[in-house]
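Accompanying notes for the structure given below.
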Amino acid sequence: MWLSEVMLQQTTVAAVKPYFAKFIARWPNVAALAAAPEDEVMAAWAGLGYYSRARNLVACAREVAALGRFPHTERDLRALPGLGAYTAAAVAAIAFGERAVVIDANVERVVARLYAVTDPLPAARKALYKLTDQITPASRSGDFAQAMMDIGSGICTSRDPQCQICPLADLCAARKQGDPARFPVKPAKKATPTRQGTAFWIERGNKVWLVTRAGKGMLGGMRALPDDGWRASGDGTCKAPIKGTWQPVGLVRHSFTHFALELTVSRYASETVPQLQNGEWWPLDRLEAAGLPTLFAKAARLARAQD
DNA sequence: AAAGCGTGGTT
DNA sequence: TAACCAAGCTT
C-alpha cells in the first residue's frame with residue numbers, strides 16, 4: 001500500500017499500473033527495496049516523473065528495514081522520507097486502523113463543496129482540515145476516507161460533478177447554491193515561461209555518452225544526455241562538451257510543471273571522440289535500461305532516427 | 001510559505 | 001491547442 005500511495009502522488013492510476021507491477025515483481029518487499037542500489041530504482045522509475053519520490057522511496061525502505069516494520073502511528077509515519085500529511089494519514093488509517101484525518105485533492109474538493117467554502121486554496125486548508133476532522137468517525141476512519149476519495153474521483157469530479165447520483169447531494173451547500181463546480185476556489189495560475197536549451201548526442205561505435213544528473217533539482221539523480229543547462233541566452237549560443245563537427249538533429253518540446261522547454265538536439269558521431277569525464281558509454285542496444293526520463297528519451301529517439 | 005518538482009490524458 | 005487536471009512532498 002505504501003508503494004502504491006507514493007506512486008499515486010500527483011499521478012494517475014493508468015500511469016502507475018505498469019510501474020507498480022514492475023516494482024512488485026522486482027522488489028517484492030521492503031527488505032528487497034532497502035537492499036537495492038539507488039540508481040537501479042531511479043532507472044526503474046524513469047518516465048513516471050517526480051523523481052525525488054524514487055530517492056525517498058529507497059531512503060524510506062532503508063529506515064523501515066532498520067526499524068523492522070512500518071511505524072503504526074500517523075506521527076511516526078509522517079517522519080519517514082516521502083510521506084507527507086496525506087500519505088501518513090492514509091497509511092495510518094487504512095493499513096493500521098488508526099483514526100486519522102485523511103485529506104487528498106478529492107477529499108478537499110468534496111468537503112469544500114459540502115460546506116461551500118469560499119476562501120481560496122491554499123489559505124482554506126486549515127478550515128478544510130477542521131471540517132474534515134468533524135465529519136471523520138472515531139472508528140473505521142480509513143473506510144470513511146476511501147469512501148470520500150471514491151466520491152471525489154468518481155462522482156464529485158472537478159469539472160462535471162454528478163450530483164444526481166451523489167449520496168451527499170442533500171447535505172451539500174454548494175449544490176444548494178446551484179454551481180458546485182466553482183468549489184474549491186483556486187488562485188489564478190501563473191503563466192509558464194519557455195526556456196531554450198541544447199542536449200548533446202555523442203556516439204562512438206555502438207555506444208552513447210550518458211551522464212548522471214545532480215541529486216537535487218530537475219530530473220535529479222537521473223541518467224541523461226549531457227546538456228547546456230537549458231539557460232542559453234537569447235542568442236542561442238551554448239558550449240558543446242567537445243570541439244568538432246556537430247550535426248543538428250532537431251527540436252524536442254517538453255512541458256514541465258513550471259516551465260516549457262525547447263531542447264535543440266545536436267549530434268556528434270565519430271570513432272575518435274576526445275576523452276570525456278563524469279559519464280559513461282552506454283550500449284545503444286540496451287538504451288531502455290538506462291532509465292532516461294521522458295525528455296531525454298524523446299531526444300534519443302530523435303537522434304537515433306538519424307541513422 | 002511559496003515555489004520547485006514530471007508526465008500523460010482531457011477539454 | 002493551450003490550459004488544466006491527477007491519490008503531494010520538500011525546502
Check: Among side-chain atoms of A:Thr87 and A:Gln9, is any donor-acceptor pair under 3.5 angstrom?
Finding: yes
Check: Among side-chain atoms of A:Glu5 and A:Tyr86, is any donor-acceptor pair under 3.5 angstrom?
Finding: yes
Check: Do A:Glu108 and A:Asn106 have a side chain donor and acceptor closer than 3.5 Å?
Finding: no
Note to self: What contact category does A:Leu219 fall into here, base, sugar-phosphate, or nothing, at under 4.0 angstrom with non-hydrogen atoms?
What the structure shows: sugar-phosphate
Checklist line | Pairwise C1' distance for C:dC9 and B:dG9, with rounding to whole Å | finding: 23 Å
Note to self: Mind checking if A:Pro122 touches a base, just sugar-phosphate, or nothing, with heavy atoms under 4.0 Å?
What the structure shows: nothing
Notebook entry, point to check: Quick check, are the ring centers of A:Trp230 and A:Phe256 under 6.0 angstrom apart?
Noted result: yes
Item checked: Sugar-phosphate only, base, or nothing, as touched by A:Gly217 at under 4.0 Å among non-hydrogen atoms -> sugar-phosphate
Checklist line | Under 3.5 Å side-chain donor-acceptor pair for A:Arg78 and A:Thr73 | finding: no
Note to self: So if I apply the ring-ring contact (aromatic ring centres under 6.0 Å, His included) rule between A:Trp45 and each of A:Trp27, A:Tyr19, A:Tyr50, A:Phe23, which one comes out positive?
What the structure shows: A:Phe23
Next item on the list: Just call it for A:Met7: base, sugar-phosphate, or nothing, with non-hydrogen atoms closer than 4.0 Å on any strand.
Entry: nothing
Check: Just by protein heavy atoms under 4.0 Å, how would nucleotides 4-11 of chain C read 5' to 3' in B, S and -?
Finding: BSBBBSS-
Margin query: With ring pair (Phe, Tyr, Trp, His ring centres under 6.0 Å) as the criterion, how do A:Phe200 and A:Trp246 come out once you've worked through the C-alpha distance, each side chain's angles and the decisive distance to 0.1 Å?
Written below: CA-CA 9 Å; A:Phe200 304 103; A:Trp246 289 86; 5.2 Å; yes
Check: In chain order, what residues pass the ring pair (Phe, Tyr, Trp, His ring centres under 6.0 Å) check against A:His72, with sequence neighbours excluded?
Finding: A:Phe96
Item checked: B:dG4 to C:dA6 separation - P atoms, rounded to the nearest Å -> 22 Å
Note to self: Rounding to an integer number of angstrom, what distance separates B:dA3 and C:dA7 when you compare their P atoms?
What the structure shows: 23 Å
Notebook entry, point to check: Between which nucleotides of DNA chain B, read 5' to 3', does contact with chain A run, using atoms under 4.0 Å from its heavy atoms?
Noted result: B:dA3 to B:dT11
